[in-house]
Participant: 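This is the structure I want to talk about, given as structure tokens.
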Amino acid sequence: MAGYPTGRSAAYDAPDATEGRWDVLRRAMDDTELTTRLADDLDGSFEVLVRGHADRCHGIALRLLGRPADAEEVTQDAFLRAYRALAGYPPERILALRLRPWLAAITVNLARNRRRRSSERMPPLSLAAVSADGEASVYDPAAGPASSPEAVSAGRAERDRWAVLLAALPERYRVPLVLRLIDDLSYAEMSEALGRPEGTLKSQVHRGLVLLRAAWDAAEREEAIA
């Protein structure tokens, strides 16, 4: 199926032993150093936290909400919440934090609340809306060498469609898919962020991918008939 991230989906359904262990270790070491700095000097180190995690928090919000303006506001609110929380934590609690799942949980909760508030006053996300801002995408394959304008345009259209299909999934599948495929959290980190067992999350990621594949096939059939 054109555009579907089949190579990645197999890896994401596999146990965490298939992950890049050096990447996981490096992230853990980076966050350990950062929590130490935050515990010692919150005001002096908070900008480092923002620089290191703003893009990923924005990516989570964008894929959950589909609208760049909403994602930007959620990202700003997430770091405001994070700062207020850290300011009230004793140093030992800050040192014990795992920043990636902690920030992911804050971002997901804010995105959920915003989506619920806006669902009655905003129309469902459409392919036209996504294409107009050119921001939302669910999968961004590595760019090939010297892609033609036609290939770039086709690839962008496919990514736009995946974004729309992902946004239409039920929340119990959409959120795990975003955290796993977009934010690259481990299942252990996802379990910590969402409060669900790892086995449940693996099943939800698998089911979400099945639903995405089915939605893509249905959309292609509709286009062929039209």
Side-chain angles (χ1 to χ4, degrees), residues 5 8-21 23-24 27-28 30-32 34-35 49 52-67 70-71 73-86 89 93-94 96-119 125 136-139 162-163 165-212 215:
R8 291 193 69 184
S9 67
Y12 282 110
D13 285 337
D16 279 353
T18 62
E19 285 189 336
R21 293 187 181 276
D23 287 342
V24 174
R27 291 200 304 255
D30 289 345
D31 278 357
T32 298
L34 183 50
T35 53
L49 176 71
H53 291 271
D55 285 348
R56 53 175 293 263
C57 290
H58 183 269
I60 293 171
L62 180 59
R63 274 62 176 199
L64 293 181
L65 296 168
R67 295 178 174 86
D70 288 347
E73 290 187 20
V74 163
T75 303
Q76 293 176 3
D77 288 347
F79 282 100
L80 179 60
R81 294 281 185 94
Y83 179 85
R84 289 174 175 171
L86 291 169
Y89 289 171
R93 183 170 181 182
I94 297 176
L97 282 177
R98 294 213 299 168
L99 293 173
R100 284 172 57 82
W102 182 67
L103 289 170
I106 294 173
T107 305
V108 167
N109 288 333
L110 288 171
R112 281 172 172 164
N113 292 338
R114 188 173 188 87
R115 187 178 175 111
R116 288 166 185 161
R117 289 196 306 269
S118 64
S119 60
L125 186 66
S137 64
V138 66
Y139 178 61
W162 284 119
L165 297 178
L166 177 64
L169 286 181
E171 182 180 285
R172 65 182 178 276
Y173 304 123
R174 185 176 66 254
V175 173
L177 273 179
V178 168
L179 294 186
R180 189 69 177 133
L181 272 66
I182 304 301
D183 195 38
D184 197 29
L185 289 185
S186 69
Y187 283 108
E189 290 172 322
M190 290 167 60
S191 179
E192 185 176 340
L194 301 178
R196 304 178 198 173
E198 291 184 39
T200 298
L201 290 167
K202 290 180 181 181
S203 296
Q204 289 172 335
V205 168
H206 175 75
R207 178 60 177 165
L209 288 170
V210 171
L211 292 174
L212 274 180

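Numbering of residues begins at 1 and proceeds along the displayed sequence. Given the structure is predicted, the values throughout are model-derived calculations rather than measurements.
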Participant: Measuring from atom OH of Tyr173 to atom CG of Leu201, what distance do you get when rounded to the nearest 0.5 angstrom?
Facilitator: 12.0 Å
Participant: Hey, what do you get for OG1 (Thr200) to CZ (Arg207), rounding to the nearest 0.5 Å?
Facilitator: 15.0 Å
Participant: What do the steps show when you test Arg112 against Val175 for side-chain contact (heavy atoms from CB on, under 4.5 Å), and what is the final call?
Facilitator: CA-CA 9 Å; Arg112 281 172 172 164; Val175 173; 4.3 Å; yes
Participant: Would you check, one step at a time, whether the test side-chain contact (heavy atoms from CB on, under 4.5 Å) holds for Leu62 with Ile182?
Facilitator: CA-CA 10 Å; Leu62 180 59; Ile182 304 301; over 6 Å; no
Participant: Locate the shortest heavy-atom distance separating Tyr89 from Ile94; write the atom from each residue and the value.
Facilitator: CB-CG1, 3.7 Å
Participant: Run the salt-bridge test on Glu73 and Arg114 with the 4.0 Å N-O cut-off and return the result as yes or no.
Facilitator: yes
Participant: Could you tell me whether the side chain of Arg174 and the main chain of Leu169 form a donor-acceptor pair under 3.5 Å?
Facilitator: yes
Participant: Assess the residue pair Val74 and Leu64 against the criterion (side-chain contact (heavy atoms from CB on, under 4.5 Å)); give the C-alpha distance rounded to whole Å, side-chain angles, the decisive distance to 0.1 Å, and a yes or no.
Facilitator: CA-CA 11 Å; Val74 163; Leu64 293 181; over 6 Å; no
Participant: Give the minimum heavy-atom separation between Pro176 and Glu171, together with the two atoms involved.
Facilitator: CD-O, 3.9 Å
Participant: Would you please test Arg100 and Leu185 for side-chain contact (heavy atoms from CB on, under 4.5 Å) and show each step?
Facilitator: CA-CA 8 Å; Arg100 284 172 57 82; Leu185 289 185; 3.4 Å; yes
Participant: Among Arg180, Arg196, Arg172, which one satisfies side chain to side chain donor-acceptor pair (under 3.5 Å) with Gln204?
Facilitator: Arg196
Participant: Say you draw a straight line from OG1 of Thr75 to CG of Leu110; how long is it, rounded to the nearest 0.5 Å?
Facilitator: 9.5 Å
Participant: Any idea which heavy atoms bring Ala193 and Pro101 closest together, and the distance?
Facilitator: CB-O, 3.4 Å
Participant: Specify the closest pair of heavy atoms between Leu179 and Ala104, including all atoms of both residues, with the distance to one decimal.
Facilitator: CD2-CB, 4.2 Å
Participant: May I ask you to test the Gln76-Leu80 pair for a side-chain heavy-atom distance under 4.5 Å?
Facilitator: no
Participant: Using 0.5 Å steps for rounding, measure from the CG atom of Asp31 to the CG atom of Leu99.
Facilitator: 4.5 Å
Participant: Measure the CG-CG distance between Asp183 and Leu103 for me, rounded to the nearest 0.5 Å.
Facilitator: 9.5 Å
Participant: Taking the side chain as every heavy atom from C-beta outward, state whether Val205 and Met190 have any pair of such atoms under 4.5 Å apart.
Facilitator: yes
Participant: Roughly how far, to the nearest 0.5 Å, is the OG1 atom of Thr107 from the NE2 atom of His58?
Facilitator: 11.0 Å
